[in-house]
Structures are given as structure tokens and as C-alpha cells.
Amino acid sequence: MKQPLHALVLQAFAELTRQAILPADLAAPAFVIERTRSREHGDFACNLALLLAKPARCKPRDLAEKLVAALPANDVVDKVEVAGPGFINFFLGAAAYHAEVARVLDEGDAYGRNTRGAGRTVGVEFVSANPTGPLHVGHGRGAAIGDSLSRLLAASGWNVKREFYYNDAGVQIANLTLSVQARARGITPDDAGWPEKGYRGDYIAEVARAFLDGATVTADDRKVTANGDVEDSDNIRAFSVAWLRREQDQDLKAFGVDFDVYFLESSLYADGKVAETVDLLTRHGHTYEKDGALWLKTTDFGDDKDRVMRKSDGTFTYFVPDVAYHLSKWQRGYRKAITELGADHHGSLARVKAGLQALDCGIPKGWPDYVLHQMVTVMRGGEEVKISKRAGSYVTLRDLIEEVGRDATRYFLIARKGDSQLTFDIDLARSQSNDNPVYYIQYAHARVCSVLRQAEEKGFTFDQAHGLHNLSRLDSEHEQALMVELSRYPEIVETAAAALEPHLLAAWLRELAQAFHTYYNSHQFLVDDAAVRDARLALVVATRQVLRNGLDLLGLSAPDKM
RNA sequence: GCGCCCGUAGCUCAGCUGGAUAGAGUAUUGGUUUCCGAAACCAAGGGUCGUGGGUUCGAAUCCCGCCGGGCGCACCA
């Protein structure tokens, strides 16, 4: 794969220059070469002189001048200037951007991909909702973030495994089973015999009905037929879990999200992983018995208090399978693993990491990476909708997809940094759906398609090679700006993937669309001069390609018409 | 009380591995179409970047205190 843009080239330049000028006994400061905010400062700026000024005991501007003088000649950089307090500004030549447009068209769907991951495997765990009810907005946020993150990592060369971890046998599932069983017996939530902590939602009645009807459900990872026997808890449990898993699968598919692995908590018990974990922890002397329970000294590994592993009744706390599950990831070869979860679970981070350290099996301290998203507040009719599974008051992901649309919902949930709280105003999202930025971006894509349709109607045939050959005819401010924007795409992909922050891509796509719309409004593309026309079409088709690539990484469609 | 996250324009939010005059959408006001889709474009007004210190040549960005909001602090999952 070719070197992404010029940043790396420039970096090499600065390195050469630094070596030429820096006294041998001085340590190299960590300078950066980055995009400038305004074009008057050129395309890239370097802060090396500012950082070097103190150790070298020189004025930064003088140093900058010396650095510039030492720069080797090259054909990418057109002009170098010293500016402000001592920045070195690089102005790229037009040819560099023309080459980038050609590269977009040449690489097509592959444009913007990089080899950072170099075929290594990363396990990305997200959603991981227990099958006790439909997915809600919070799960949607996790799904949008986790899935886009996975796509970004895949675009960075990683072999991505998407995992969904769920509990099919614990207390909550027992509770689900009791609820369905009660419904099957004709007991409703307000009746006397209703389970104390039963799930009250209407969907429970649906499951019960289907169970009595002897229905068969097929989820992504299991298939169960009901026998209709109200006394058969095992069958009710299996059927209910399958039913809710199927519901979740449907919602996730409608949302454009797929998983490679469904991992059952019960399997950790079944194949001895829990026992192995307890054994490892005990053998390494990190446990002790107190009050009839088995404790892990997580405080030795940064937790704020020790944790119970095995309760006095002999069962394990959820913390143990959590550690066992991560151990399984490590043993399955995920040297990089990402766990995406809602902020209401962040409390488990410290103890799971402590548990993994206590295993003494070579897991590095910082493993795995965690990506947290803060809570989503849902507003409807000017009021906050309280989400409660038991009460059955609920805004499901399905509702949102149906009411607001898949793309708009995904964009809304992905466009903001995960660690800020999110207010999802349903009325706003519905009534102003046309103002949702996702349509603005998609419209740019559709517009290019429309231009090409028009070109055909008018009898113009687009000659791409001819257009690329004449890119030098594109010298207006708007054309320059659009080319600069296009060339940033590979950098954005790399940055967003490295920072595990897909919202950076969402924000940038809007900027790209804006640059395009501005261009569209200021220039006629289908002009009689074939050289100019083909050049403009080449630029615009390249823009469409990058929009498409970017939208795809966010799991959004790129419509030809809207 | 302890821990994590957040506090930037009326509203929703970017920017935060320190950098050159603080950005966008939306809302408000005014303009743009005999011409490729006006789901668009252009322009104006609107900010003590919660607050007080500190580090630095330079702080919205890093550190500490305080104020305000969210989430979590079980032998629940």
C-alpha cells in the first residue's frame, strides 16, 4: 500500500533537518507536523523550532530559519515559510493534490485503508445485552460505536472479531423464566401470584403465548421449539432466551450490525473455564477465606477493596466468569481486545483488570482496552422517558429505527464522543429528520450521482483519464479546498481508529460534504469545455468515492437518489 | 464519603498527545434559483471556553482546589 499523503514524507524531512541542526548531546523533542487550521498557514505546520528553542538556547524564529535553510529540495513541498512565534509552514504544490485525486479513483473502495493492524487479530466486544428484554437506546449507542469501531479497525488492517457475550443461565434468566411461566399460567403483573421481581413488559406475554402455541424460534446462535408444558422450566427458559435473542438479532440486523461470535456465560462453567480461573487465582496465592466466602485480593492490583469470588452459598459472583471470559479471549489469541460498555458498568473495570493481573499468566497491565459510552437520556414530548425493564416503560432500538430511520439513528448515536452524555430527543429527531446531518452527507453523494445522470442525458461522456490529465485547470479556491479535504481522509481513518473514536470520522464527513456543497453551488460542472468538464467530474467522482468509503465505515448507506 | 465521566455561542455539540484571531449545526436576521436536485449556498449578530490557582515562551487543552450535572461504589447481574 502506498504511503498515506504527505505527512509522513514531511516527518522524514523534519527528521533530517533536526539531525542537521540539533547538537548531538540534545535529546530530540517530540515535535509534530500537523494540518494547519487555516490555509494562510500553509498545508502543514511544524513546531520543532519552538520546542528546540530552549534546549538550544536560541530564538525560535532564528532556529526555524536555520531549519528551513537545511531542508532538502523536493517536489511535494512548494514553499516553506517561517511564521508566527517560529512555526515552519509547508505549502504543498498543486501536483501533490492532483496525485491524491488520481489515487482516490485508482484505489476506489480501498482508498483510506492502511496496514496499521497488519493482519493481527483484535476482539471487539460490544452490546452484550442479556436476553431478558428488547434492546434499548443505550444498547443502540453501544452497537453503533462498537460496530463503527470494528469497521475502522478492519480498515486499518486488523482482523476483527466481533463478540457478543451474554448470560443464559443466571439469576436474571431465572427471573425471566418465572415471568414467562407466570404469564403462561394467565397471571398478569398486578395479580397476586406474580413473581416479585418479574419482568412486566408486554413482550413477556408474547413469549408466553408463543410458548403455549409450541412455536419454534431460530436465533443467530440457537434454535428452540417450545413444548407448551407450563411446568417445564428448562424448556421455558431455553425458549424464552432463544426468543429474546432472536428479537435482538433482528434489531441488530436492522441496524446493520453483525457478530462473529456469540459467547455464552454458561459455557465458561460447562468447559471448566471458571474452575480454571479460580484454580489459577488460588494457586498464585491471591485468595483467602473469610466469613465462609472465598475472596480475591484485588487490592494488590489497584482495586479499592477485595472482592468475593465464591459466596458462602457456594456459588460464584459474576465477577469470576467476567475474568474467565477475558481469560478466554486472551487464550483465543486476542493480543488486542476492546471491551465496549455503558458507563453504568465502568465500576467493573478495575476489578476485572485486577483479576486478570492476579492470574499471573502474562496478560499485560493495560489489557484489554475499554471504550465506555455515557448514558443516553431519551426525551419524548418534552419529558424524559425513564427506562425500566421491569416497569416495561421503554424506548426500544426498534422504535427508534422505525420512527427515525436506521441511518439517522446510527448517525445520531455515533456523531458524539462516547464519554459525553447524550440526549436523544425523539420528537426532534423525527420532526427535523431532514436537518439531520446524515442527510446532508448523503445528499452530497446523491448529488454527484445526479450530476452524472445529467451528464449522460446531455450526451457528455466522462473521460476519467482526460479529467485527471487536466486537473491543473481546477484552480479555484473551492476546488483547492475540496482537494485538500479529500486528502485528509486517510489521516482521519488512522486517527479515529487509533483513538478508538469513530465520532471523529462522522464529524469530518460533514466537513467534506460541506466542501462539496459549497463547490457545487459556485461552479457549473457540465460545461462545454471538455477538459474542464472532465477535470471537474473527476474531482466530484473522487469526492463521491470518499463519501461512500466514509459512510460505509459508519455503517451508513450511500444512496444514489434521495 | 470514595471512584470514573462531563461542564465551550440561546439550544445540541466539535476542538483537549498544549501552539498562531475559539469552531460547526440549530435558532434569529438578511440575501442567492431563466443554470448539474434550494434536503443546497452566502452573510450578520451571538463566547470572561463553570470558577480560582499553578506549570509553560504559549493553556479550552496539562496539574490542584472549589461549584454544578451524570454514572458507579453488594457474599445483585
Side-chain angles (χ1 to χ4, degrees), chain A residues 30 32 34 36-38 40-41 45 47 50-51 53-54 59-60 83-87 89 130 132 167 170-173 175 197 265 290-295 303-305 307-319 321-322 342-351 370 372-375 377 412 415-425 428 432-437 439-440 442-444 446-455 457-458 460 478 495 498-499 503-504 506-508 510-511 513-514 516-527 533 536-537 540 561-562:
Chain A
V32 294
E34 53 191 5
T36 56
R37 225 179 312 173
S38 117
E40 61 185 287
H41 295 137
N47 66 343
L50 292 163
L51 298 172
K54 198 169 191 183
K59 289 181 182 168
F87 289 103
N89 293 336
N130 281 341
T132 53
N167 182 349
V171 175
Q172 290 183 29
I173 299 299
N175 195 14
K197 289 179 176 176
E265 183 183 337
K290 194 180 97 182
D291 304 334
L294 182 65
W295 295 68
D303 201 3
D304 55 359
K305 57 176 124 169
R307 305 290 168 179
V308 171
M309 294 168 61
R310 196 181 57 229
K311 296 181 264 180
S312 43
D313 67 4
T315 63
F316 293 105
T317 58
Y318 72 98
F319 155 75
D322 265 5
D344 52 342
H345 289 104
H346 83 268
S348 72
L349 262 68
R351 73 193 81 147
Y370 280 97
L372 299 179
H373 67 261
Q374 294 294 320
M375 301 291 92
T377 309
F412 203 97
R416 303 203 147 126
K417 198 168 48 173
D419 51 16
S420 57
Q421 287 152 232
L422 185 65
T423 302
F424 201 120
D425 187 328
L428 193 73
Q432 302 198 339
S433 66
N434 280 352
D435 289 328
N436 188 310
Y439 297 115
Y440 181 86
Q442 291 178 324
Y443 181 46
R447 254 184 161 176
V448 177
C449 296
S450 173
V451 168
L452 294 179
R453 283 193 295 269
Q454 278 296 318
E457 259 178 49
K458 293 185 178 184
F460 294 130
H478 296 128
T495 307
H503 79 278
L504 295 175
W508 175 81
R510 215 206 161 274
E511 287 179 40
Q514 181 165 46
F516 169 78
H517 285 307
T518 298
Y519 179 37
Y520 181 95
N521 275 277
S522 63
H523 288 72
Q524 188 75 16
F525 304 153
L526 302 176
V527 293
R533 185 179 67 234
R536 287 182 178 162
L537 288 176
V540 151
K561 283 182 191 170
M562 297 177 66

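The chains referred to below are lettered A, B, ... by the order of the sequence lines, with proteins before strands, and numbering in each begins at 1.
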Distance check needed: [N] [atom2] versus [X] [atom1], whole Å only.
X      : N     : atom1 : atom2 : result
A:R510 : B:A40 : CZ    : P     : 9 Å
A:Y370 : B:G3  : OH    : C1'   : 16 Å
A:L372 : B:C71 : CG    : P     : 15 Å
A:L452 : B:G37 : CG    : C1'   : 13 Å
A:N521 : B:A38 : CG    : C1'   : 8 Å
A:L504 : B:A14 : CG    : C1'   : 9 Å
A:F525 : B:G37 : CZ    : C1'   : 12 Å
A:E511 : B:G15 : CD    : P     : 11 Å

Quick check: does any side chain N or O of [X] sit under 3.5 Å from a backbone N or O of [Y], one acting as donor and the other as acceptor?
X      : Y      : value
A:N167 : A:N130 : no
A:R351 : A:G347 : yes
A:T317 : A:V308 : yes
A:R533 : A:V527 : yes
A:H517 : A:Y440 : yes

For this session: Look at A:R307 together with A:D304 and state whether they make a salt bridge at an N to O cut-off of under 4.0 Å.
Result: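 Yes, this pair counts.
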Exercise. Is it true that the side chains of A:H478 and A:S522 contain a donor and an acceptor less than 3.5 Å apart?
Worked result: yes
For this session: Say whether A:T315 and A:D313, considering side chains only, have a donor N or O and an acceptor N or O under 3.5 Å apart.
Result: yes
I want to check one thing: is the phosphate of [N], taken as OP1 and OP2, less than 4.0 Å away from some side-chain N or O of [X]?
X      : N     : answer
A:S420 : B:A14 : yes
A:K311 : B:A77 : yes
A:H503 : B:G15 : yes
A:Q172 : B:C76 : no
A:R447 : B:A39 : no
A:Y439 : B:A38 : no

Residue [X], side-chain heavy atoms: nucleotide from [options] that is nearest:
X      : options             : answer
A:A45  : B:A24, B:A39, B:A20 : B:A20
A:M562 : B:A40, B:U21, B:G37 : B:G37
A:E40  : B:C41, B:U21, B:G37 : B:U21
A:F87  : B:A38, B:C71, B:A20 : B:A20
A:Q524 : B:C75, B:A40, B:C35 : B:C35
A:H41  : B:C41, B:U21, B:C75 : B:U21
A:Q514 : B:C13, B:A24, B:A38 : B:A24

Does any donor-acceptor pair link the side chain of [X] with the base of [N] at a separation under 3.5 Å?
X      : N     : result
A:N175 : B:A77 : no
A:S312 : B:C75 : yes
A:Y318 : B:A77 : yes
A:H346 : B:G3  : yes

Exercise. Shortest non-hydrogen contact from A:A446 to A:R453?
Worked result: O-NH2, 4.3 Å
Exercise. Looking at A:D303 and A:A350, what are the two nearest heavy atoms and their distance?
Worked result: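 Looking at all heavy atoms of both residues, the shortest contact is OD1-CB, 3.9 Å.
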Exercise. What pattern of brackets, bars and dots sums up RNA chain B from 5' to 3', given Watson-Crick or G-U wobble pairs under 3.5 Å, [ ] for crossing pairs and | for another strand?
Worked result: (((((((..((((.....[...)))).(((((.......))))).....(((((..]....))))))))))))....
Atom pairs, protein N/O to nucleotides 7-12 of chain B N/O, distance under 3.5 Å:
unit_1 : atom_1 : unit_2 : atom_2 : d
B:U12  : O2'    : A:R416 : NH1    : 3.3

Exercise. Do the ring planes of A:Y519 and A:F525 sit parallel (below 30°), tilted (30 to 60°) or perpendicular (above 60°)?
Worked result: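 It falls in the tilted class, 30° to 60°.
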Might you list the N or O atoms of the protein lying below 3.5 Å from N or O atoms in nucleotides 54-60 of chain B, with each pair's distance?
unit_1 : atom_1 : unit_2 : atom_2 : d
B:C57  : OP1    : A:K54  : NZ     : 3.0

Roughly how far apart, to the nearest Å, are [N] and [M] at atom [atom1]?
N     : M     : atom1 : value
B:G7  : B:C62 : P     : 10 Å
B:G52 : B:C57 : C1'   : 24 Å
B:U48 : B:A9  : C1'   : 13 Å
B:G68 : B:U8  : C1'   : 15 Å

For this session: Please say whether more than 12 non-hydrogen atoms of neighbouring residues, nucleotides or ligands are located less than 6.0 Å from NZ in A:K311.
Result: yes
Exercise. Does A:R447 make a cation-pi contact with A:F516 (under 6.0 Å, within 45 degrees of the axis)?
Worked result: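 Judged by the rule (NZ or CZ under 6.0 Å from the ring centre, within 45° of its axis), A:R447 is not positioned above A:F516.
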